[in-house]
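For the single chain, residues carry numbers from 1 onward in sequence order.
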Amino acid sequence: MDAAPGPRPLRVVAVTYSPGDTLGGFLTSLAEATTQPVDVVLADNGSTDGSPERAAAENPHVRLLPTGGNIGYGAAANAGLADVHEGWALVANPDVRFESGSVDELLAAAERWPRAATVGPAIRTPEGELYPSARDLPALGTGIGHALFGWVWPANPWTARYRREREAPRERPAGWLSGSCFLVDLAAFHSVGGFDPGYFMYFEDVDLAERLGHRGWLHVYVPSAVVVHEGGHATRREPHRMRRVHHTSALRYLSRQYPGRRNAPLRAALRSGLGARMLISYVSGRVASGARFQRAAGELDSRNG
């Protein structure tokens with residue numbers, strides 16, 4: 001008699017672009033994060049350092065999926081998820097480190113929230129801060145206040161409202177979750193066409209969350225699951241380009257909230273304001289880095305201990 005088939009491996013997609021040594025840490029920590037078998041797809045946007053090729057050669061559960069060039073984060077993630085349509089998948093940056101059991105904790109939370117389309121962990125920074133990864137959807141008023149005052153007054157009320165940093169970490173729905181690491185329900189993901197490839201980088205996670213939310217899906221923050229995200233690789237490599245991309249993506253998202261001829265003056269004002277902020281960010285590191293995070297990751301230890 002044939003043995004019963006085991007559970008389907010969890011699809012894990014990491015978008016790579018010369019990730020260097022970070023990829024080894026990603027794969028090593030992933031092995032401690034879940035008891036499930038995993039099928040890791042490296043959706044590679046034109047790496048030149050050889051690290052994705054080495055990882056695929058050395059690990060039987062890892063395979064390389066060349067995207068044909070640097071097509072952007074969302075488009076590459078779409079490619080990595082194109083052949084799976086049921087169950088859950090994990091999308092994560094290759095510079096993420098998973099704490100022990102964190103992926104299994106996300107999967108358990110997904111069972112608790114049957115209307116969840118995305119489920120995301122608490123994200124620590126290497127400096128011991130708690131990254132505000134579960135935010136409200138950007139609104140015009142809070143967005144303007146956050147952009148204008150966040151860099152000089154991190155605790156301002158607009159930033160605090162948008163990032164919900166005055167709340168202690170707790171399991172809850174959010175407007176959107178950081179695309180640097182989340183579980184996604186594949187049926188829900190494909191029902192809205194996945195990530196919008198028009199966003200090269202930044203805001204593709206916000207846009208996805210909004211479209212899913214319009215269909216009644218939830219996005220659930222699970223601080224009992226913890227990852228560490230180094231971040232900033234692309235920004236350090238091409239700082240001016242990434243700042244331009246960030247502001248362009250913000251303009252794309254906000255402009256789509258105010259379509260039509262009647263809102264043309266508002267869209268023009270958004271273009272002017274974001275353009276000015278982008279130029280200032282080229283010469284001011286404080287503006288470029290934005291609002292400092294307001295909560296310490298140590299709160300997670302006391303909450304989960």
Side-chain angles (χ1 to χ4, degrees), residues 7-15 26-27 29-43 61-62 73-74 76-124 130-135 169-195 204-213 215-229 231 300 304:
R8 183 178 68 84
L10 174 71
R11 173 63 56 87
V12 178
V13 174
V15 177
F26 174 90
L27 294 171
S29 64
L30 178 62
E32 300 296 324
T34 180
T35 57
Q36 291 202 18
V38 294
D39 167 30
V40 180
V41 173
L42 305 179
H61 62 288
V62 177
Y73 186 84
N78 286 347
L81 296 173
D83 62 329
V84 284
H85 295 270
E86 296 180 349
W88 292 90
L90 180 71
V91 178
N93 286 10
D95 56 353
V96 161
R97 301 289 182 278
F98 301 92
E99 294 201 352
S100 179
S102 54
V103 174
D104 282 344
E105 184 65 25
L106 292 177
L107 290 166
E111 293 293 323
R112 296 193 291 270
W113 295 82
R115 289 301 299 168
T118 61
V119 182
I123 299 177
R124 299 177 188 259
L130 180 61
Y131 178 76
S133 60
R135 310 186 186 191
R170 62 183 177 87
E171 188 167 304
R172 61 172 175 82
W176 65 279
L177 302 171
S178 170
S180 62
C181 182
F182 62 36
L183 278 180
V184 61
D185 180 283
L186 289 162
F189 180 81
H190 288 297
S191 75
V192 297
F195 287 113
E204 70 285 323
D205 42 13
V206 186
D207 171 77
L208 176 68
E210 181 183 45
R211 288 184 286 119
L212 287 165
R215 296 202 175 190
W217 294 98
L218 299 176
H219 312 288
V220 179
Y221 177 54
V222 184
S224 53
V226 183
V227 304
V228 178
H229 184 209
L300 299 171
N304 299 329

With sequence neighbours left out, what residues match Ser133 under side-chain hydrogen bond (donor to acceptor under 3.5 Å, both in side chains)?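 Ser133: no side-chain hydrogen bond (donor to acceptor under 3.5 Å, both in side chains) contacts found.
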The side-chain hydrogen bond (donor to acceptor under 3.5 Å, both in side chains) partners of Thr34 (sequence neighbours excluded) come to Asp104
I want to check something: taking the side chain as every heavy atom from C-beta on, are [X] and [Y] in contact at a cut-off of under 4.5 Å?
X	Y	answer
Gln36	Leu107	yes
Phe195	Glu204	yes
Val91	Val184	yes
Trp88	Val119	yes
His229	Tyr131	no
Val222	Pro121	no
Leu30	Val96	no

Report yes or no: does [X] contribute a side-chain atom to a donor-acceptor pair with the main-chain N or O of [Y] at less than 3.5 Å?
X	Y	answer
Arg170	Pro223	no
Arg215	Ser191	yes
His190	Val84	yes

To the nearest 0.5 angstrom, please state how far the [atom1] atom of [X] sits from the [atom2] atom of [Y].
X	Y	atom1	atom2	result
Cys181	Asp205	SG	CG	12.0 Å
Leu212	Phe189	CG	CZ	8.5 Å
Leu177	His219	CG	NE2	7.0 Å
Leu90	Leu183	CG	CG	5.5 Å

Residues forming a ring-ring contact (aromatic ring centres under 6.0 Å, His included) with [X], sequence neighbours excluded:
X	value
Tyr221	none
His61	none
Phe98	Phe26
Tyr73	none

Taking only residues two or more places apart in sequence or in another chain, which ones pass side-chain contact (heavy atoms from CB on, under 4.5 Å) with Pro173?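 With neighbours one apart ignored, the set is Trp113.
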Should we say atom CD of Glu32 is surrounded by more than 12 heavy atoms from elsewhere, each under 6.0 Å from it? no
Evaluate the criterion side chain to side chain contact (heavy atoms under 4.5 Å, CB included) for residue pair Trp176 and Arg135; output intermediate values, then yes/no. CA-CA 6 Å; Trp176 65 279; Arg135 310 186 186 191; 3.5 Å; yes
Give me the atom names and distance for the closest heavy-atom approach of [X] to [Y].
X	Y	result
Ser102	Ala225	O-CB, 3.4 Å
Leu10	Ala89	CD1-CA, 4.1 Å
Ala43	Ala76	CB-O, 3.4 Å

With Val227, which of Leu106, Ile123, Val103 fulfils side chain to side chain contact (heavy atoms under 4.5 Å, CB included)?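 Among the candidates, only Ile123 passes.
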Test applied, side chain to side chain contact (heavy atoms under 4.5 Å, CB included); reference residue, Val13; option that passes from Asp39, Leu81, Asn78: Leu81
Begin with the C-alpha distance, continue with both residues' side-chain angles, and end with the deciding distance and a verdict on side chain to side chain contact (heavy atoms under 4.5 Å, CB included) for Val15 and Asn93. CA-CA 6 Å; Val15 177; Asn93 286 10; over 6 Å; no
Listed by chain and number, what are the salt bridge (Lys or Arg N to Asp or Glu O under 4.0 Å) partners of [X], not counting sequence neighbours?
X	result
Arg124	Glu99, Asp301
Arg112	Glu105, Glu171
Asp185	none

Please list all pairs meeting salt bridge (Lys or Arg N to Asp or Glu O under 4.0 Å) that have one or both residues in residues 79-93, counting only residues at least two apart or in different chains. Arg11-Asp83, Arg63-Asp83
